[in-house]
Amino acid sequence: MKPTSAPKTYRVKSFGCQMNVYDGERMAELLGERGIAPAPEGEEADLVILNTCHIREKAAEKVYSDIGRLVKAGNKAGKAPMIAVAGCVAQAEGEEIMARAPAVSIVVGPQAYHRLPEMLDKATNGERATDTDMPAIAKFDALPARKKRGPSAFLTVQEGCDKFCTYCVVPYTRGAEISRPFNHLIAEARKLVETGACEITLLGQNVNAWSGEDDKGRPAGLAGLIHALANIDGLERIRYTTSHPNDMDEALIAAHGEVPKLMPYLHLPVQSGSDRVLKAMNRQHTAESYLRLLEQFRAVRPDIALSGDFIVGFPGETEAEFEDTLRIVDQVGYAHAFSFKYSPRPGTPAATMEGQIAPQIMDERLQRLQARIAHHQFAFNKASVGKTCKVLVERTGRNPGQWLGKSPWLQSVWFEGDYAIGDLVEVTLAEAGPNSLMGQVRATLPA
Ligand code: 5AD
Ligand code: SF4
């Protein structure tokens with residue numbers, strides 16, 4: 001590679017999960033410290049970071065088509081951007097990317113991006129740079145302070161996974177479970193609130209596995225962290241995602257009844273309703289134990305909105321086992337859920353299991369599952385009509401004077417009036433659609 005001038009503008013393109021969004025923001029902050037500015041809308045950036053996702057095959061393939069597109073655009077403009085590949089594809093396929101895509105200057109894994117500035121220097125000198133080390137917690141210590149974001153902010157509290165579900169690449173790309181220290185998290189949350197956030201979503205691959213010591217040196221779990229965060233003035237809403245059923249403890253369940261700032265929403269993936277499939281997935285829980293757990297949440301917070309993740313077409317899944325999944329969807333009555341076709345991931349045990357399911361069967365199962373989920377989502381929305389709640393204004397709507405925000409149950413709500421992003425507006429939910437609700441405004445609450 002030829003030496004090049006140091007980049008003055010950047011664009012970060014994050015794919016996949018919310019943790020990638022958080023990592024993308026932190027990389028942007030790091031570049032900002034170095035005087036590199038976001039590229040103006042519609043202009044090519046000097047540096048493009050593709051912050052990739054490896055969870056399913058389609059997501060991973062995107063990176064190569066994106067690189068191709070950037071090279072083409074660069075050729076047309078007469079100046080190729082510096083390309084960095086970050087995220088989980090970088091971690092899993094770093095060497096392959098370097099071999100297959102000569103236009104890539106930097107490959108940086110999700111635990112190493114605090115070293116991006118040195119890597120940029122190297123790339124500017126014409127050397128290619130790869131860093132896929134996993135120093136985990138060191139990353140957070142090396143990052144600059146948080147900058148202004150919107151009213152709703154993400155905060156990574158836990159990373160990695162020790163569960164080794166047989167279909168999943170996360171334990172290999174994000175590494176072992178680690179928890180960030182309590183004091184660091186409280187400090188970062190305060191900074192986010194000072195810069196305008198009034199809602200914080202705590203992130204982790206197994207967020208409810210977070211553990212640490214509180215400010216008095218006592219052992220604390222996620223519930224303890226949530227209680228402490230709730231004491232921050234100006235922080236109005238707390239959420240967390242994603243949880244594993246086996247990491248739930250009584251204190252966290254109880255917190256849903258005790259902490260008004262903790263929103264009535266729980267994302268708790270089950271993946272399948274069949275015990276045989278769950279065992280083959282190494283989920284270490286049954287459909288029944290999952291349902292019992294949800295009952296405990298409903299006992300302390302009857303209005304809680306439940307959400308989950310599902311995989312259809314796991315190797316060996318029979319029609320009857322798939323119907324068990326439809327049944328659990330009916331039993332729970334999800335307010336929202338994500339569903340995916342099983343995607344074999346290299347290096348995971350399920351990829352070489354017998355009984356891989358034909359694509360057309362997966363398509364058909366996914367359609368049936370999504371129809372069932374949509375039915376329950378619409379039913380949940382319809383049952384919300386008449387409720388009065390606060391909506392956090394996140395953006396303007398389609399028409400002038402229209403605003404869009406989120407209800408406590410994470411539904412999209414639109415309404416009209418004279419407001420600003422970040423306002424908490426009290427509305428009565430007046431009309432329900434499949435994916436959103438219309439609200440009627442009662443009053444704007446003082447910030
Ligand atoms: N194929 C399809 N879906 C997957 N997920 C994780 N790994 C795979 C895979 N190999 C889904 C799970 C998980 C969500 C983040 O992605 O449902 O909860
Ligand atoms: Fe993947 Fe299972 Fe870990 Fe979730 S709990 S990240 S699905 S291995």
Side-chain angles (χ1 to χ4, degrees), residues 14-23 51-62 87-89 91-93 110 154 156 158-174 177 201 203-209 240-248 266-274 277-278 280-285 287 290 293 306-317 321-322 324-326 328-329 332 334 336-353 355-359 361-363 365-367 369-370 372-373:
S14 288
F15 302 90
C17 67
Q18 290 159 323
M19 195 175 288
N20 259 14
V21 176
Y22 174 88
D23 289 341
N51 191 20
T52 60
C53 171
H54 200 242
I55 198 109
R56 284 168 292 274
E57 196 178 358
K58 272 220 176 102
E61 271 167 9
K62 265 208 182 106
C88 292
V89 181
Q91 188 66 39
E93 295 179 15
F154 292 133
T156 293
Q158 181 279 344
E159 265 197 74
C161 181
D162 299 338
K163 306 286 187 297
F164 291 93
C165 297
T166 53
Y167 50 81
C168 188
V169 286
V170 167
Y172 312 97
T173 57
R174 289 272 172 177
E177 287 180 10
T201 302
L203 298 181
Q205 268 91 33
N206 288 280
V207 69
N208 57 338
Y240 61 92
T241 198
T242 289
S243 297
H244 191 287
N246 293 0
D247 288 323
M248 277 301 172
L266 176 68
H267 179 68
L268 193 64
V270 66
Q271 314 294 358
S272 168
S274 150
V277 174
L278 287 171
M281 286 177 164
N282 190 31
R283 288 289 297 180
Q284 314 263 8
H285 61 76
Y290 174 83
L293 191 54
L306 297 169
S307 163
D309 289 348
F310 294 91
I311 296 176
V312 300
F314 186 80
E317 184 188 67
E321 287 165 347
F322 169 67
D324 289 339
T325 298
L326 293 179
I328 206 168
V329 168
V332 174
Y334 289 95
H336 189 80
F338 301 93
S339 48
F340 311 100
K341 285 186 272 186
Y342 167 71
S343 171
R345 307 308 296 127
T348 59
T352 50
M353 281 180 187
Q356 302 282 327
I357 304 290
I361 296 181
M362 285 214 231
D363 285 336
R365 288 184 185 166
L366 186 68
Q367 271 188 25
L369 176 60
Q370 291 188 336
R372 199 65 75 94
I373 291 168

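Just follow the structure's listing: the first ligand is 1, and inside any ligand the first atom is 1. Here the structure is a predicted model, which is why all the values come from computation and not from measurement. Below, all heavy atoms of this structure are taken into account, side chains as well, without hydrogens, waters or symmetry copies. Starting from 1, each residue takes its place in the sequence as its number.
With a 4.0 Å heavy-atom cut-off, ligand 1 is reached by the side chain of F340 but not by its N, CA, C or O. Both the backbone and the side chain of I55 come within 4.0 Å of ligand 1, counting heavy atoms alone. At a heavy-atom distance under 4.0 Å, only backbone atoms of K341 (N, CA, C or O) approach ligand 1.
Any N or O atom pair closer than 3.5 Å counts here, and R345 shares no such pair with ligand 1.
Residues passing the side-chain contact (heavy atoms from CB on, under 4.5 Å) test with T156 are M19, Y22, F140, E159, L203, sequence neighbours excluded. The side chain to side chain donor-acceptor pair (under 3.5 Å) test applied to R372 returns D330, not counting sequence neighbours.
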Task: Check against ring-ring contact (aromatic ring centres under 6.0 Å, His included), Y167 and F340 - done: CA-CA 12 Å; Y167 50 81; F340 311 100; 10.0 Å; no
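Note: Y172 and F164 meet the aromatic proximity criterion, with ring centroids under 6.0 Å apart.
Residue contact check: R56 has heavy atoms under 4.0 Å from atoms 1 (N), 2 (C), 3 (N), 4 (C), 5 (N), 11 (C), 16 (O) of ligand 1. Which parts of ligand 1 touch Q271 is read off a 4.0 Å heavy-atom cut-off, strictly below it: atoms 12 (C), 13 (C), 17 (O), 18 (O). Close contacts of ligand 1 with Y342, meaning ligand atoms under 4.0 Å from a residue heavy atom, involve 1 (N), 2 (C).
Here the shortest heavy-atom distance to atom 14 (C) of ligand 1, taken over V169, T242, D309, belongs to D309.
A side-chain hydrogen bond (donor to acceptor under 3.5 Å, both in side chains) with S14 is found for exactly one of T52, N20, D23, N51, namely N51.
If you take OH on Y290 and CG on L293, they are separated by 8.5 Å, rounding to the nearest 0.5 Å.
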